[in-house]
> 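Starting off with a structure, shown below.
Positions are given from 1, in the same order as the sequence printed here.
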Amino acid sequence: MAKPQPYFIQNRGIAEKNKLPTLSTNLDSVRVYQWEVHFQGLPIIGDPQAGKTLTLAAKQVTQIGHSVEDIEVHRFNEKVYYPGKASAEEVRITFDNLYQPEMADILYNWFQGTYNPVDGRTGTTRTTAGDPTRLKGTAVVLQLDGKGNVVGGTKMYGVYPKAWKLAEFNYATANEFHTIEMTLRYDFAVQYGSSDINIHY
């Protein structure tokens, strides 16, 4: 009886003598993909480029998803369930490219669109010209392979910052970039594949 061969050898061809077999990265279940975070239509106070696409590096992006409430129906001695209202969860993004001060300014000015501690206003912002700006924007987390090609992405609609937090000032982390963590609320999110044009703006 022939000795069973590993999966990657069966599907990629028998390895030549004294050479390692070719591995398929598609089979690697623990592979961590790179990502980019793009924003569009942010109501940034005093920014003449407001409304255009903004790309920021992110150190961490928490889970993006939806959950559906249950509708419980009683029938004799049984309980059955039907899907009810759907709601999106919050996402926390940690930005770590803040060695450029203007990036930190943009994030803070964006949060001012939700709550401005200077005048106490919430949900409204105005540009330096006095024109009102939109409260919500759009964000997409692009998933990239090792070569930088887009393999998918999650697009969030109706995004606004719910919380803004500076990282702890600590000498133990003096060799790390200072970070800003923002909690974002969104209305709904859609997962797209690499071939879907809707993944981009």
> Going by salt bridge (Lys or Arg N to Asp or Glu O under 4.0 Å), name the residues that satisfy it together with Glu36, two or more places apart in sequence or in a different chain.
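Listed in chain order: nothing, the list is empty.
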> Are Val140 and Tyr192 packed together at the side-chain level, in the sense that at least one heavy-atom pair is separated by less than 4.5 angstrom?
no
> Is there side-chain contact between Trp164 and Tyr108, with heavy atoms separated by less than 4.5 Å?
yes
> For the pair Lys162 and Phe111, evaluate side-chain contact (heavy atoms from CB on, under 4.5 Å) and give the outcome as yes or no after the intermediate values.
CA-CA 8 Å; Lys162 184 176 178 179; Phe111 179 73; over 6 Å; no
> Name all pairs fulfilling the salt bridge (charged side-chain N to carboxylate O under 4.0 Å, His left out) condition that reach into residues 60-72, sequence neighbours left out, sorted by first residue then second.
none
> Which residues satisfy the side chain to side chain donor-acceptor pair (under 3.5 Å) test with Tyr160, sequence neighbours excluded?
none
> Can you tell if the side chain of Phe39 reaches within under 4.5 Å of the side chain of Leu184, non-hydrogen atoms only?
yes
> Count the heavy atoms of every other residue, nucleotide or ligand shown that sit under 6.0 Å from CZ of Arg185, and state whether that count exceeds 12.
yes
> In terms of hydrophobic clustering (I, L, V, M, F, W, Y; side-chain heavy atoms under 4.5 Å; direct or indirect links), are Tyr115 and Ile180 co-clustered?
yes
> Is there side-chain contact between Thr183 and Val91, with heavy atoms separated by less than 4.5 Å?
no
> Which other residues end up in the same hydrophobic cluster as Val80, if Ile, Leu, Val, Met, Phe, Trp and Tyr are linked when side-chain heavy atoms come under 4.5 Å apart?
Ile71, Val73, Tyr82
> How about Arg92 and Val61: do any of their side-chain heavy atoms sit closer than 4.5 Å?
no
> To the nearest 0.5 Å, what is the distance between CG on Asp119 and CD on Gln112?
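With rounding to 0.5 Å, CG (Asp119) is 8.5 Å from CD (Gln112).
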> Flag the pair Leu144 / Val150 as yes when at least one side-chain heavy-atom distance between them is below 4.5 Å, and no otherwise.
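Of all side-chain heavy-atom pairs linking Val150 with Leu144, at least one is under 4.5 Å.
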> Output all residues satisfying salt bridge (Lys or Arg N to Asp or Glu O under 4.0 Å) with Glu78, sequence neighbours left out; order by chain, then residue number.
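Once residues adjacent in sequence are excluded, the partners of Glu78 under the salt bridge (Lys or Arg N to Asp or Glu O under 4.0 Å) criterion are Arg75.
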> Is the side chain of Tyr186 donor-acceptor paired with the backbone N or O of Glu89 at a distance under 3.5 Å, no angle test?
yes
> Side chain to side chain donor-acceptor pair (under 3.5 Å): which pairs involve residues 57-66, sequence neighbours left out?
none
> Could you tell me if the side chain of Val190 sits less than 4.5 Å from the side chain of Thr154, heavy atoms only?
no
> Quick one: pull up CD in Glu181 and CG in Leu166 and give me the separation to the nearest 0.5 Å.
10.5 Å
> Which heavy atom of Thr114 sits nearest to which heavy atom of Pro161, and what is that distance?
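Residues Thr114 and Pro161, closest heavy atoms: OG1-O, 2.8 Å.
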> With a 4.5 Å limit on heavy-atom distance, are the side chains of Met156 and Ile64 in contact?
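A side-chain contact exists here, since the closest heavy-atom pair is under 4.5 Å.
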